[in-house]
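Data block below; observations after.
All values below were derived from every heavy atom in this structure, side-chain atoms included, with hydrogens, water molecules and symmetry-related copies excluded.
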Amino acid sequence: MSQASANNKMVLKLIAIVFGMFGFGFALVPLYDVFCDVTGINGKTENSAAVYQSVDIDTSREVTVEFITRTNTGMPWEFRAETKRVKVHPGELNTVSFYVRNPASSNIVAQAIPSVSPGTAALYLNKTECFCFNQQPLDAGSEAYMPMQFYVDPQLPEEITYFTLQYTLYDVTARASDLTTKPNPFMVDSSQSGE
């Protein structure tokens with residue numbers, strides 16, 4: 001075999017390796033998502049509403065759920081949990097509320113992304129209603145309350161007695177569908193809430 005032929009083979013092998021590595025890099029994202037869905041490691045919660053079925057409430061156990069809120073860099077909204085921490089019994093349906101205010105001079109559409117720590121607790125947190133399921137439009141200068149209804153699955157491991165649910169709010173106005181003219185079912189105008 002000549003030197004030129006050996007060089008051509010080596011070049012083809014290297015090109016195949018480069019394309020293989022490139023393809024593997026793209027495959028890692030969906031593989032990571034599947035891995036996280038199965039194990040609950042990164043604290044992702046479900047993106048759709050759970051259906052609450054009447055279950056035996058475990059009154060012998062108490063789990064503390066802490067709520068943390070933050071806004072992404074450049075997001076001007078004020079965003080806070082009205083309840084910072086709540087003690088719940090597994091199987092019990094609970095409702096908490098979050099306050100938002102848009103101090104900007106323009107209408108903004110937001111999207112809340114939840115995460116749970118420790119990540120395994122995310123598998124046992126069931127949200128029946130959550131503002132995080134939809135994009136949230138808010139007019140300039142307006143404020144509102146957004147409810148979140150949830151229950152903790154009674155199958156939550158005994159060693160988990162405390163977990164944190166964090167919501168990060170992102171400005172998605174540039175990518176949002178035309179939501180500014182549609183009423184938002186998850187927001188209650190602060191003037192109607194009696195506060």
Side-chain angles (χ1 to χ4, degrees), residues 25-75 77-100 109-136 144-172 175-176 179 184-188:
F26 271 102
L28 278 179
V29 174
L31 287 175
Y32 178 75
D33 283 341
V34 168
F35 178 74
C36 290
D37 287 344
V38 170
T39 63
I41 282 180
N42 76 342
K44 281 186 171 182
T45 63
E46 289 293 321
N47 291 331
S48 58
V51 176
Y52 181 72
Q53 297 176 351
S54 185
V55 295
D56 289 334
I57 297 172
D58 187 353
T59 55
S60 68
R61 288 180 66 193
E62 220 175 43
V63 178
T64 302
V65 183
E66 180 182 30
F67 301 98
I68 297 175
T69 57
R70 61 182 292 269
T71 55
N72 192 43
T73 304
M75 176 59 156
W77 284 15
E78 181 183 340
F79 178 41
R80 70 174 182 262
E82 290 295 286
T83 305
K84 303 289 185 203
R85 190 175 292 118
V86 64
K87 291 181 185 276
V88 301
H89 297 293
E92 175 182 54
L93 193 61
N94 301 276
T95 303
V96 292
S97 184
F98 293 80
Y99 170 82
V100 289
V109 179
Q111 178 70 56
I113 305 296
S115 66
V116 177
S117 179
T120 51
L123 298 171
Y124 303 94
L125 175 65
N126 299 291
K127 294 176 286 185
T128 60
E129 178 183 310
C130 185
F131 56 92
C132 63
F133 297 150
N134 302 300
Q135 295 174 342
Q136 304 297 325
Y145 292 90
M146 304 184 298
M148 195 272 281
Q149 195 169 52
F150 72 99
Y151 68 97
V152 175
D153 192 305
Q155 300 300 314
L156 179 75
E158 294 281 339
E159 64 271 11
I160 300 177
T161 59
Y162 189 102
F163 66 86
T164 303
L165 174 58
Q166 175 179 300
Y167 284 104
T168 304
L169 210 55
Y170 292 88
D171 181 350
V172 295
R175 296 184 303 270
L179 294 175
N184 189 329
F186 291 104
M187 282 195 173
V188 178

### Message
Once side chain to side chain donor-acceptor pair (under 3.5 Å) is applied, do any residues pair with Thr73, and if so which ones, sequence neighbours excluded?
### Response
none

### Query
Can you check whether Leu165 reaches Phe150 side chain to side chain, under 4.5 Å on heavy atoms?
no

### Query
Just wondering, do Thr83 and Ser97 contact through their side chains at under 4.5 Å, heavy atoms?
no

### Message
Holding to side chain to side chain donor-acceptor pair (under 3.5 Å), I want the full list of residues that pass it with Asn94, two or more places apart in sequence or in another chain.
### Response
none

### Query
Going through the distances and angles, do Asn126 and Val152 end up as a side chain to side chain contact (heavy atoms under 4.5 Å, CB included)?
CA-CA 6 Å; Asn126 299 291; Val152 175; over 6 Å; no

### Task
Before giving the answer on side chain to side chain contact (heavy atoms under 4.5 Å, CB included), spell out for Leu93 and Gln149 the whole-Å C-alpha distance, their side-chain angles and the decisive distance to 0.1 Å.
CA-CA 7 Å; Leu93 193 61; Gln149 195 169 52; 3.9 Å; yes

### Query
Which heavy atom in Lys87 sits nearest to a heavy atom in Thr64, and how many Å separate them?
NZ-OG1, 3.6 Å

### Task
Carefully, step by step, assess Glu129 and Met148 under the rule side chain to side chain contact (heavy atoms under 4.5 Å, CB included).
CA-CA 5 Å; Glu129 178 183 310; Met148 195 272 281; over 6 Å; no

Could you list the donor-acceptor pairs under 3.5 angstrom formed by side chains in residues 154-163, with sequence neighbours left out?
| unit_1 | atom_1 | unit_2 | atom_2 | d |
| --- | --- | --- | --- | --- |
| Tyr162 | OH | Glu66 | OE1 | 3.0 |
| Tyr162 | OH | Arg85 | NE | 3.3 |

### Query
How would you list, by chain and number, every residue that makes a side chain to side chain donor-acceptor pair (under 3.5 Å) with Gln166, sequence neighbours excluded?
Thr168

### Val88/Val65 under side chain to side chain contact (heavy atoms under 4.5 Å, CB included): CA gap, chis, key distance, verdict
CA-CA 7 Å; Val88 301; Val65 183; 4.1 Å; yes

### Query
Are any side-chain N or O atoms of Gln111 and backbone N or O atoms of Asp171, one a donor and one an acceptor, separated by less than 3.5 Å?
no

### Pair Phe98 and Tyr167, ring centroids less than 6.0 Å apart
yes

### Task
Find out whether Met146 and Cys130 are in side-chain contact, i.e. whether some heavy atom of one side chain is under 4.5 Å from a heavy atom of the other.
no

### Message
Testing the basics here: between Asp153 and Pro90, what is the closest heavy-atom pair and its distance to 0.1 Å?
### Response
O-CB, 4.1 Å

### Query
How would you list, by chain and number, every residue that makes a ring-ring contact (aromatic ring centres under 6.0 Å, His included) with Tyr170, sequence neighbours excluded?
none

#### Entry: Heavy-atom pair of closest approach, residues Val172 and Ala110
CG2-C, 3.8 Å

### Query
When you measure from the side chain of His89 to the backbone N and O of Arg61, does any donor-acceptor pair fall under 3.5 Å?
yes

### Task
Taking side chain to side chain donor-acceptor pair (under 3.5 Å) as the test, write out the residues that go with Arg80, two or more places apart.
Glu78, Glu82

### Task
Specify whether Phe79 and Phe131 have parallel, tilted or perpendicular ring planes, treating 30° as the upper limit for parallel and 60° as the lower limit for perpendicular.
perpendicular

